[in-house]
Amino acid sequence: MAEILPIRPWRYNRNLAERIDELTSPLFDVVSDKQRAALYQEPYNSIHLSVPQPPHPAERAQKLLQSWKEQGVILQDKLPAIYVYYQYFRLQGSGKEFCRKGFICHIRTYDWDEKVILRHENTIPKAVNDRTELLEKTQLHASATHGLYSDPTFELEKYMDEAIAFPVYETEDYQGVRDVLAVIHDKPVVDRFINLIEPKTIILADGHHRYEGSLSYKHSQQAKNPSHTGKEGYNYHLMYLTNTEADDLRILPTHRLISGMSSFHEADILKALEEDFIIKPIEDADTLNEVIVGKPWAFGLVFSERAYKVRLKPESLSKIKWHFPEVVKALDLTVMHYFIIEKALGIPGKEQRQSEHISFDRSFADCLQKVTQGTAQLAIITNEVSIEDVKRVCASGYTMPQKSTYFYPKVIGGFLFSSVQENEFATPIYYPF
């Protein structure tokens, strides 16, 4: 049972909302240092609440939030609602415009073992602790995580389409994506959303650290509250939900970069790969992403002067000694981390999450440039992960290797903020819920 509730968010006052494009911001885990520095110059940008500046960032956000409330910078909606959020985007090399349709609501924060919300990636403890501290101080969700549900009937889309015709906000974000927000107050329609989601299992697509921060906060508040009922605001989390059955869910590949290894020799690496891979030199490294596309267990290797396509021999898959179910072993990324990064490069699997030699880059062009310029010794180019792979891994109870998925486009922050402070979370008595 996945319990969702409408929200009564805080939003920028009408005058500020006229320049909403100056107030939105990227999520905390994708905003670059350069973007961050620029956004901090705008005193009312949402980044001050989602990624507050040091020192003592959580305390800084807490004081600023209280100031914004007192000064009327942000105002709380009078009525609970479902917020419809559409993202219109194009992919490189395609002329088609996609529209990812979804809605923002509160969802009960379920523990992983309840198997209502399923994860597919592991988290980094420090990042979770930072998110927990920020939530404890502000009692505010500054941005929605991204969850996936499945509905082949597309029952909710007709209501969302009707609402989006009357947008509350519309802007173009840092990704070049057109973001549109609308609202549904009508109780019978809101009930349809609640009832449809209730029997569903939700896959957490993006926001694992923020969700685990909510879990930690829930547990700490529950332990402090002898009168805990399960209905308090701290039991809920802000989530953007989209339908996996739509043709607008895109997962972009995240490539691996290897750098700073003292013992690194191209010939030795290729020799180590010969037993398990078919290796083919590629004259033009610029075509590597096209050469491997759609081929299982195929990767591009970019060295300083040469490039190769490597593809695992099917009979070698059974050699993986990591204790994973077959569905996880068969993933491209498992193959890459086991055969290339552990066996050929010598970085053990248990050290890879924290290894200073491994970094991640979504841009194929950036990978080529970094190897050419010598800031990386090797780029490992990979294919995108399919949503079906994500579903299968979630169902297995296991997780994927780190940085496995990059759901595109990213949700932006700044359209609304959701309070779990009890007097602000509670539904008004005059509302018929």
Side-chain angles (χ1 to χ4, degrees), residues 26-40 51 90-93 124 127 174-176 251-274 277 279-293 295 298-311 332-333 335-348 351-385 401-406 408-410:
L27 300 177
F28 90 99
D29 55 347
V30 296
V31 63
S32 68
D33 291 340
K34 185 176 182 180
Q35 286 174 319
R36 198 177 302 189
L39 294 172
Y40 284 145
V51 195
R90 297 179 187 275
L91 297 175
Q92 186 175 8
I124 300 170
Y174 70 101
Q175 307 164 103
I251 308 175
L252 303 186
T254 302
H255 313 297
R256 273 55 173 166
L257 290 165
I258 306 299
S259 59
M261 296 191 68
S262 57
S263 179
F264 183 91
H265 303 286
E266 178 181 331
D268 292 342
I269 294 169
L270 293 175
K271 183 68 176 176
L273 293 173
E274 278 182 357
F277 287 86
I279 302 173
K280 179 181 179 182
I282 301 297
E283 292 297 324
D284 188 355
D286 290 342
T287 66
L288 262 179
N289 58 337
E290 299 171 4
V291 170
I292 67 169
V293 68
K295 299 179 176 68
F299 309 92
L301 301 183
V302 183
F303 294 93
S304 58
E305 295 183 4
R306 284 172 288 272
Y308 303 87
K309 170 194 168 184
V310 299
R311 189 171 185 182
D332 279 6
L333 292 172
V335 168
M336 175 179 65
H337 279 268
Y338 182 79
F339 287 101
I340 300 178
I341 298 180
E342 177 169 287
K343 290 190 67 177
L345 295 174
I347 305 174
E351 298 177 11
Q352 290 176 12
R353 284 184 66 200
Q354 305 296 335
S355 176
E356 62 183 13
H357 301 302
I358 305 172
S359 58
F360 309 88
D361 200 316
R362 299 183 312 277
S363 170
F364 174 64
D366 283 353
C367 289
L368 297 184
Q369 184 180 46
K370 288 174 181 177
V371 174
T372 301
Q373 293 177 345
T375 57
Q377 296 166 302
L378 169 66
I380 307 172
I381 308 304
T382 187
N383 279 307
E384 64 186 41
V385 175
Q402 66 273 31
K403 300 290 184 181
S404 295
T405 58
Y406 188 88
Y408 183 84
K410 292 288 186 180

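One is the number of the first residue; the rest follow in order along the sequence. Only heavy atoms go into these numbers, but all of them, side chains included; no hydrogens, no water, no symmetry mates.
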So which of Leu257, Leu301, Val371 actually passes side-chain contact (heavy atoms from CB on, under 4.5 Å) with Leu378? Leu301

Backbone of [Y] reached by a side-chain donor or acceptor of [X] within 3.5 Å:
| X | Y | result |
| --- | --- | --- |
| Glu351 | Pro348 | no |
| Thr287 | Glu290 | no |
| Gln352 | Ile341 | no |

Could you tell me which non-hydrogen atom of [X] sits nearest to which non-hydrogen atom of [Y], and how far apart they are?
| X | Y | result |
| --- | --- | --- |
| Gln175 | Lys410 | OE1-N, 2.8 Å |
| Val51 | Tyr40 | O-OH, 2.5 Å |
| Ser404 | Val385 | O-CG2, 3.4 Å |
| Lys295 | Val291 | NZ-O, 2.8 Å |
| Ile381 | Cys367 | CD1-CB, 4.0 Å |
| Pro26 | Leu39 | CD-CD1, 3.6 Å |

Could you check whether any side-chain heavy atom of [X] comes within less than 4.5 Å of a side-chain heavy atom of [Y], counting everything from C-beta outward?
| X | Y | result |
| --- | --- | --- |
| Phe360 | Arg256 | yes |
| Val31 | Tyr174 | no |
| Met261 | Ile347 | yes |

With rounding to the nearest 0.5 angstrom, report the [atom1] to [atom2] distance, [X] to [Y].
| X | Y | atom1 | atom2 | value |
| --- | --- | --- | --- | --- |
| Ile269 | Gln377 | CD1 | CD | 8.0 Å |
| Ile292 | Lys280 | CD1 | NZ | 13.0 Å |
| Ser355 | Ile258 | OG | CD1 | 7.0 Å |
| Leu333 | Thr405 | CG | OG1 | 9.0 Å |
| Phe339 | Leu273 | CZ | CG | 10.0 Å |
| His255 | Met336 | NE2 | CE | 10.0 Å |

Non-neighbouring partners of Lys370 that pass salt bridge (charged side-chain N to carboxylate O under 4.0 Å, His left out), sequence neighbours left out: Asp361

Counting only heavy atoms from other residues, nucleotides and ligands, does the tally under 6.0 Å from CD of Glu356 exceed 12? no

Quick one, Leu345 with Phe264, criterion side-chain contact (heavy atoms from CB on, under 4.5 Å). Give me CA distance, side-chain angles, the key distance, then yes/no. CA-CA 8 Å; Leu345 295 174; Phe264 183 91; 4.1 Å; yes

Is there any side-chain hydrogen bond (donor to acceptor under 3.5 Å, both in side chains) pair reaching into residues 261-274, and which pairs are they, with sequence neighbours excluded? Glu266-Arg306, Glu266-Tyr308

